[in-house]
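Chain letters run A, B, ... following the sequence lines, proteins first, then strands; residues in each count from 1.
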Amino acid sequence: MLLGLYLPKLLPDMTVAVVEAIYPAVGDTLPAGDKILDLSVDLGSGFRQDCPPISHYRLVAREAVRLRSIHISPGEACAPGVLMAVFGDDADPDEIARPLRFATAGIVSHPGMWSARVRA
Amino acid sequence: MRVPLRLGPLGGEKVSVRRSGVNWLCEDGRACRAGEVIAYCNLAVQGDVRGAFAKESVLQVALASPVAGRLRKRSDISGGGFLDVIGAADWRDDETIGEIEADSGADDAGGDMPLLMLAGQRMSWAVDVDTGLLPGWHLATRAWWDHGGGGRRTLLNLGVCDAVGAIRGDRSGFIELFESADFPAHVTDVTDHPLAPCAAVLLDGHSRSRTALEALTLDLQRALADSPETPTAADWVFAGALLAQLAESPLNRTFDVLTRNGLERSEPPRAILLSSCAEPRSIRRHKKLGYRLHIMRHDLDATGPAIRAWLASAFDAVPRSLDDVASDYRRLIDTVGAQFRARFLILNRMSTSGREDIASYVAFDEPMGAILANIAAKETNLMLHDLAREKNVAIVDVDAMAAEIGGAAHLPDGIHQSGELQDLVRGQILDLLAGVGPAGDQRLVG
């Protein structure tokens, strides 16, 4: 059974989220509780201002899964609802049966993030 | 009953004041509250002023209604165009700019208009903006007023966005603070661009000697001149602003204060407002000169390649634990707080989120305060409680206020507040400021 990871609307006013880090590689098996990816949300998107309202989030798997395909890359801006990754075995039917169960956590920015690397 | 909107005296006998035409902030016929700011003028002082406001190229007065009622503007008090920008007329005590059709029962009829005085030191002469209250980019802006009971309270805001919004307000002119206070006050707001005011930076600035300033200025000049990257306009603007901030500690300054009776010097701050979210967990320390810089990411993005190269080569990134932050706070309070007999008011951080649904912490490495935003905020808030127990510190409890009215709607990114939350934060700051007492009161409060 394939499970889809869709970008959640992390904040009511967010329009896009930027992919900051992707932790598993295609084919990796993740135990429940393992980190999947980090995102940043700039609520000031579209408006240049001297202190942009940026916050960071981590998505964590709430069930044991295998990463079958990844559809995003670090630095990419994604709209809510975008399919970011698919979990399941290669032999599974191609149809996504349901969304992946995951947890969301607010995190602080860290040097491993895409935005930190491009500034270094 | 019709109540004239009379300017009243300003500057006393020795200072003559020129004013621009009146810039209205609301429409004719508006139902005004007593004390509501309705207009402003740009000002210039002349006469026996001994170089007053020499560094502050912006001097304004915002005018408030003395009573509640419906506004009726005087039609010929605004010239329009540049006449409402430049000094177009002498300030006359008996000048009226309109009148208020007062609500029945108004008991303060005939009083002069309450004045909100504003001044600003522009970052450069080149960043002037002609319209609005304290427009443009300033090294420091100030507001003072003398209505209300008791002596004048003095507040120095060294916070970032979570404090600036509450202090400067929606129109950046301190209007909400003025309208909410029931005591006289002098409030200074210092820019956080490009140098952000964390405790370590403030400590270094407070103790910096002229020799040390000359050394760091020379170092920056050489870095740009010898840079492998060709400096861009953004590099020069950044360098100029940074030097302006480093050259003068906001903790060591006093200012001119224009009152109805004349000119005074401001008193040292009895309350100093800080943002705990301005305290970084890694800070730049100059490899040779030892001074520290905290530059927020968006300011770093705004500079050019030569400054980025200088920051990368001339500075070490020094990790800063929460204990280091607390230690810097203690040193700041022990030195600056003792010198001015000032109380520190520190905004804490929002530490919960209704959108977080962590079922297990397995995915997060120890120490979790280094990665999870809400745990980092909780640890910071606990540190502030420890500090408040041992030092003259009061916590501005953003965490509790935001949780009460809803963080998702009123503090979506954890820093930038809604108007409703700013009102709550402003109210708590004013309550604390009232408790600190007036500038001349030498009792140590806390």
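Of the two parts of F102(A), only the backbone, made up of N, CA, C and O, holds a non-hydrogen atom closer than 4.5 Å to a non-hydrogen atom of chain B. Contacts between A370(B) and chain A at a heavy-atom distance below 4.5 Å involve the backbone alone (N, CA, C, O). In this structure, chain A has heavy atoms under 4.5 Å from both the backbone and the side chain of I371(B).
Open room surrounds CD on E404(B); 12 or fewer heavy atoms of other groups in view lie less than 6.0 Å from it. Heavy atoms from other residues, nucleotides or ligands lying under 6.0 Å from CZ of R285(B) number 12 at most.
Note: S55(A) OG to H416(B) NE2 = 11.0 Å, rounded to the nearest 0.5 Å. Atom-to-atom distance recorded for S115(A):OG and R297(B):CZ is 4.5 Å, nearest 0.5 angstrom.
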Practice item. Would you please test F364(B) and K35(A) for side chain to side chain contact (heavy atoms under 4.5 Å, CB included) and show each step? Key: CA-CA 8 Å; F364(B) 306 102; K35(A) 56 192 177 189; over 6 Å; no
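Between the side chain of E356(B) and the main chain of A105(A), no donor-acceptor pair closer than 3.5 Å is present. At least one donor-acceptor pair under 3.5 Å links the side chain of D357(B) to the backbone N or O of T104(A).
Of the listed residues (D34(A), D13(A), L11(A)), the greatest number of heavy-atom pairs within a distance under 4.5 Å of chain B belongs to L11(A).
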